2 protein chains.
Amino acid sequence: MASSAHELTPRAREIVAAARELLEAEGPEGLSMRRVADRVGIRAPSIYKHLPDKEALEAALISAGFEEWAEAFKGETPEELGRAYRAYALAHPHLYRLMTERPLARERLTPGLEERAAQPIVDAVGGDADAARAVWAFAHGMTMLELNGRFPPGADLDAAWAAGMRAFRR
Amino acid sequence: MASSAHELTPRAREIVAAARELLEAEGPEGLSMRRVADRVGIRAPSIYKHLPDKEALEAALISAGFEEWAEAFKGETPEELGRAYRAYALAHPHLYRLMTERPLARERLTPGLEERAAQPIVDAVGGDADAARAVWAFAHGMTMLELNGRFPPGADLDAAWAAGMRAFRR
DNA sequence: GTCTATATCAAGATAGAC
DNA sequence: GTCTATCTTGATATAGAC
């Protein structure tokens with residue numbers, strides 16, 4: 001019950017802030033309780049006085065990301081949304097991965113947050129849920145393949161993004 | 001030089017076959033040298049007499065997957081390709097993840113294999129490389145979001161796939 | 001609220017005997 | 001080609017003193 005981001009104590013917020021720095025610097029693989037504690041200036045076991053476990057820490061980071069999505073993607077056309085989506089992921093690649101590449105612990109999130117973050121995509125395609133899922137899949141696929149270096153070295157990703165957004169516009 | 005799949009010794013092939021079984025049963029997280037050795041009936045250190053390291057083992061699994069892609073996706077229309085892509089991923093979800101969710105160790109693969117596996121997608125869209133990348137991104141995004149349970153519980157994924165393929169057909 | 005000490009577990013990989 | 005023994009590293013988490 002105390003695991004939603006808006007219910008954290010001040011000290012817990014400090015720990016989450018340190019975790020965010022560490023995540024952005026080194027990725028989900030480098031996010032250990034010990035390393036987080038180092039950044040805060042305490043020992044790893046002390047974290048457990050403020051957060052129940054590592055999953056709660058990750059949920060706080062993911063929640064912050066969803067809040068940022070809801071803000072960054074608000075009121076855009078499909079083309080603008082695509083650009084904003086890619087820009088966010090490239091600016092925060094490790095947070096993006098933490099947010100998307102695993103099953104989501106929905107019971108750890110503030111109720112309604114996931115829907116709120118998804119709403120800009122639904123709005124951008126005119127309210128069609130199936131089309132929204134298709135556009136999201138395209139954007140997510142482009143993003144993950146780019147982040148993982150899976151396109152050929154010389155690939156024109158701007159052109160691939162444009163080709164996809166053009167297809168969905170009609 | 002001895003790490004490409006077609007250059008493996010018979011004993012190494014047995015080890016890779018055991019690794020494939022383990023991977024398909026438990027996923028990339030469960031794929032440890034110890035567990036693979038258990039399936040073969042030997043101790044983990046013995047594996048190193050046949051394969052240089054774990055990455056070589058993974059490269060052999062990934063190479064096999066690409067060979068299967070090149071075969072399974074041959075000569076399809078975009079719609080058929082999408083269905084075949086999704087069917088392969090759902091039939092081999094853990095291999096699909098191993099193949100796609102990390103940077104690719106291209107120097108460990110048989111030269112030309114990656115391009116051969118990608119060719120059916122390029123052919124299906126009429127040779128336009130940008131369009132092929134966009135379609136691949138859509139298919140990969142749909143696949144990963146489905147495998148990770150990221151769509152809402154009631155989402156009609158057949159409809160989302162259809163919406164995407166329809167958009168790319170025109 | 002912090003600490004030390006520890007439990008528990010698991011990973012990849014190497015040395016050297018047989 | 002296989003083994004045992006071991007190195008090295010690292011993880012999450014708990015117990016209990018202060």
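Chain identifiers are assigned alphabetically (A, B, ...) following the order of the sequence lines, protein sequences preceding nucleic acid strands; residue numbering begins at 1 within each chain. This is a predicted model, so every value here is computed, not measured.
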Between P of dT9(D) and CD of E29(A), the distance in whole Å: 20 Å
- request: Round to the nearest Å and state the distance from E55(B) atom CD to dA11(C) atom P.
  value: 18 Å
- request: Compute the centroid of each ring, for Y88(B) and then for Y96(B), and state whether the two points are separated by less than 6.0 Å.
  value: no
query: What is the distance from CZ of R43(B) to P of dT6(D), rounded to the nearest Å?
result: 15 Å
message: Nearest whole Å is fine: how far is dT2(D) P from H50(B) NE2?
response: 4 Å
- prompt: How is K54(B) classified with respect to the nucleic acid when contacts are heavy atoms under 4.0 Å: base, sugar-phosphate, or nothing?
  reply: sugar-phosphate
query: Going by the angle between their ring planes, with limits at 30° and 60°, are W69(B) and F73(B) parallel, tilted or perpendicular?
result: tilted
Spacing of K49(A) atom NZ relative to dT14(D) atom P, expressed in whole Å: 11 Å
- prompt: In whole angstrom, what separates I15(B)'s CD1 from dG1(D)'s C1'?
  reply: 10 Å
- request: Could you check whether S46(A) gets within reach of a base, just the sugar-phosphate, or nothing at all, counting any heavy atom under 4.0 Å?
  value: base
- line: note: I42(B), atom CD1; dC18(C), atom C1'; distance rounded to Å ~ 17 Å
- request: Mark yes or no for a side-chain to base donor-acceptor pair under 3.5 Å between R34(B) and dA10(C), with no hydrogen or angle criteria applied.
  value: no
Atom pair distance, as rounded to whole Å: CZ in R11(B) and P in dT2(D): 4 Å
- prompt: What class does the angle between the rings of W136(A) and F151(B) fall in, given that below 30° is parallel, 30 to 60° is tilted and above 60° is perpendicular?
  reply: perpendicular
message: If you only use heavy atoms from C-beta on, which nucleotide in dA5(C), dT14(C), dG12(C) is closest to the side chain of P45(A)?
response: dA5(C)
query: Heavy-atom count around R43(B) CZ within 6.0 Å, excluding the residue itself: above 12?
result: no
